[in-house]
Amino acid sequence: MFIYKLSSWVDRYDPFWYGRLIALKAAYLAIGLFIANLILQPPLPTLVMLFSAVGVLIAELPAINDLNKKDNVYLAYVILICLTVDIFSSSVYLKGWFILAVSAWAYVLYFALRKKPELYALVSAVLMLGMISLEGYNSGNFFSILNTLFFILEFSLIAFWLHKFFPFLYSRIWMSSILRSLETLQNMLTELSIADSQKLFRQLQVSESSLNLLVKQSYRQEARLITDLLSHYHYYLNDLLENKLTPARELDLIGADLLRLEQAVRKQSEFYYSPNRSSALDLTTHNQIYPQLQASWNKLCALVNS
């Protein structure tokens, strides 16, 4: 079963769990790499650990929302950081040529990723770390640079396996986005306003983009159905609230049902409730969608518990 326990205070600053995930992973990497440092004792250990860890954290950016893509991004990062350290350290004493080499390398990297702007953060980090590397690796000696690169590769391999063995917490991103969406839907009904419509759209986008991070295909299918049904609710409520013809009592029925679902999601438990079906024409869509939403959530809980 998904483990989900958020304080409302933290949710205001980190509504989708991305910040907490990166913070936990950074602490976990720090502990693992400090232990590796005690054993391997590389030269300039702070820089070696920094270079190997930053790529793992970059792979956790929201735009990188596929498990295989995260691994590939880290592999690309390791290759680029090694090349960057080599280029910068080799040319630092060439003065004017150094500026030309850095500018040319930056242009090559940005040009190569011009069709993937979501990865520009990777290039920025590599260039920044390349400049930081000059504080320690600026001898211009080929064998010294090669020795440094071997240590970076060694620690990068350790960081990669630490990343692979990190507890699987990506489901919390999807869960958080679903909870935020349910809260916004209820808020729209309470205020009888569609002012939060764009906010809800962004929350559902996060839910959609995080589906590929769920651990099993069967989870993804049910999670995708839940996300799609909430998207239907978004357009359905927009229509009801914009027309302003639906009685408050019927809107309260919808809100009460969504609250029951939200409570079940917070408890990460199945729930069985037979809503009082109203014959009102405005509730026809609700009477169709809500049982599907309830069934999908219960099936997802059953899959996780099996």
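Everything numeric here is computed off the predicted structure, so don't read it as measured data.
- Between Phe98 and Tyr93, the gap from one ring centroid to the other reaches at least 6.0 Å.
- Among all heavy-atom pairs drawn from Ala223 and Leu214, the shortest one is CB-CD1, 3.4 Å.
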(request) Begin with the C-alpha distance, continue with both residues' side-chain angles, and end with the deciding distance and a verdict on side chain to side chain contact (heavy atoms under 4.5 Å, CB included) for Val78 and Tyr74. (result) CA-CA 6 Å; Val78 172; Tyr74 185 67; 3.7 Å; yes

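- Asn65 and Asn212 get closest at one heavy-atom pair: O-CB, 3.4 Å.
- At distances below 3.5 Å, not a single donor-acceptor pair connects side-chain atoms of Asn37 with backbone N or O atoms of Leu33.
- Between the side chain of Ser209 and the backbone N or O of Val206 there is at least one donor-acceptor pair closer than 3.5 Å.
- Taking CG from Leu241 and CG from Leu251, the interatomic distance works out to 6.0 Å, rounded to the nearest 0.5 Å.
- In summary, Arg266 and Glu183 engage in a salt bridge, as defined by a charged side-chain N under 4.0 Å from a carboxylate O.
- If you check the side chains of Asp196 and Thr184, you find no donor sitting under 3.5 Å from an acceptor.
- Results of the side-chain contact (heavy atoms from CB on, under 4.5 Å) test with Leu189 over Leu259, Leu253, Leu258 single out Leu258 as the only residue that passes.
- Evaluation of the ring pair (Phe, Tyr, Trp, His ring centres under 6.0 Å) rule for Tyr18 yields no partner, not counting sequence neighbours.
- A salt bridge is absent between Glu270 and Lys299; no separation between the charged side-chain nitrogens and carboxylate oxygens falls under 4.0 Å.
- We find that Glu262 and Lys267 are not joined by a salt bridge, their nearest charged nitrogen and carboxylate oxygen being 4.0 Å or further apart.
- Arg202 CZ to Phe16 CZ: the interatomic distance, rounded to the nearest 0.5 Å, is 8.5 Å.
- The 12-atom threshold is not exceeded at CD of Glu242, counting heavy atoms of other residues, nucleotides or ligands nearer than 6.0 Å.
- Note: Trp174 and Trp297 have parallel aromatic rings, judged against thresholds of 30 and 60 degrees for the angle between ring planes.
- At least one side-chain heavy atom of Leu182 sits less than 4.5 Å from a side-chain heavy atom of Gln186.
- With Ser103 contributing its side chain and Leu100 its backbone, the two residues share no donor-acceptor pair below 3.5 Å.
- The heavy-atom pair separating Lys25 from Val56 by the smallest distance is CE-CG1, 3.8 Å.
- Of the options Asn287, Ile289, Leu283, a side-chain contact (heavy atoms from CB on, under 4.5 Å) to Thr285 is made by Ile289 and by none of the others.
- Between the side chain of Arg224 and the backbone N or O of Glu208 there is no donor-acceptor pair closer than 3.5 Å.
- For the residue pair Leu229 and Ser296, the shortest heavy atom distance occurs at CD1-OG, 4.3 Å.
- For Asp11 and Arg20, the salt-bridge test passes: some basic side-chain N is under 4.0 Å from an acidic carboxylate O.
- Across every non-hydrogen atom of Ala36 and Ile158, the tightest pair is CB-CD1, 3.8 Å.
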(message) Before you tell me yes or no, could you show the steps for Glu118 and Lys69 under salt bridge (Lys or Arg N to Asp or Glu O under 4.0 Å), namely the whole-Å CA-CA distance, both residues' side-chain angles and the distance that decides it to 0.1 Å?
(response) CA-CA 12 Å; Glu118 69 274 13; Lys69 190 175 180 182; 3.6 Å; yes

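- In this structure, the side chain of Gln292 engages the main chain of Gln288 through a donor-acceptor pair within 3.5 Å.
- Taking the ring centroids of Tyr236 and His232, they lie at or beyond the 6.0 Å cut-off.
- Between the CG atom of Leu40 and the CD1 atom of Ile35 there is a distance of 11.5 Å, given to the nearest 0.5 Å.
- The minimum heavy-atom distance linking Leu162 with Gly32 is given by the pair CD1-CA, 3.9 Å.
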(message) One pair to check against side chain to side chain contact (heavy atoms under 4.5 Å, CB included): Thr84 and Leu129. What are the steps and the verdict?
(response) CA-CA 9 Å; Thr84 302; Leu129 292 173; over 6 Å; no

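- Listed for the Asp14 side chain is a donor-acceptor partner under 3.5 Å among the backbone atoms of Gly19.
- Looking at His163 and Lys70, their side chains never bring a donor and an acceptor atom within 3.5 Å of each other.
- Remark: Glu191 pairs with no residue by the salt bridge (Lys or Arg N to Asp or Glu O under 4.0 Å) rule, at least two apart or across chains.
- Arg260 and Asp257 are joined by a salt bridge, as a carboxylate oxygen and a charged side-chain nitrogen come within less than 4.0 angstrom of each other.
- A side-chain donor-acceptor contact under 3.5 Å links Asn243 and Asp239.
- A distance of 9.0 Å separates CG of Leu261 from CG of Leu179, quoted to the nearest 0.5 Å.
- More than 12 heavy-atom neighbours from other residues, nucleotides or ligands sit within 6.0 angstrom of OH on Tyr272.
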(request) Please assess Leu240 against Leu237 for the test side chain to side chain contact (heavy atoms under 4.5 Å, CB included), listing each intermediate value before the final yes or no. (result) CA-CA 5 Å; Leu240 292 184; Leu237 293 186; 4.2 Å; yes

(request) Go through the steps for Ile178 and Ile226 under the test side chain to side chain contact (heavy atoms under 4.5 Å, CB included), then give the verdict. (result) CA-CA 9 Å; Ile178 291 299; Ile226 292 169; 4.2 Å; yes

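- Within the 3.5 Å criterion, the main-chain N or O of Thr227 finds no donor-acceptor partner in the side chain of Ser231.
- Applying the ring-ring contact (aromatic ring centres under 6.0 Å, His included) test to every pair with at least one member in residues 22-42, sequence neighbours left out, gives these pairs: Tyr28-Phe166.
- In terms of hydrophobic clustering, with Ile, Leu, Val, Met, Phe, Trp and Tyr side chains grouped at heavy-atom distances under 4.5 Å, Leu75 and Val85 are assigned to a common cluster.
- Formation of a donor-acceptor pair under 3.5 Å by the Ser210 side chain with backbone atoms of Ser207 is found in this model.
- Heavy-atom neighbours of Phe168 CZ from other residues, nucleotides or ligands within 6.0 Å: above the threshold of 12.
- The aromatic rings of Phe271 and Tyr290 stand perpendicular to each other, their planes meeting at an angle above 60°, with 30° marking the opposite boundary.
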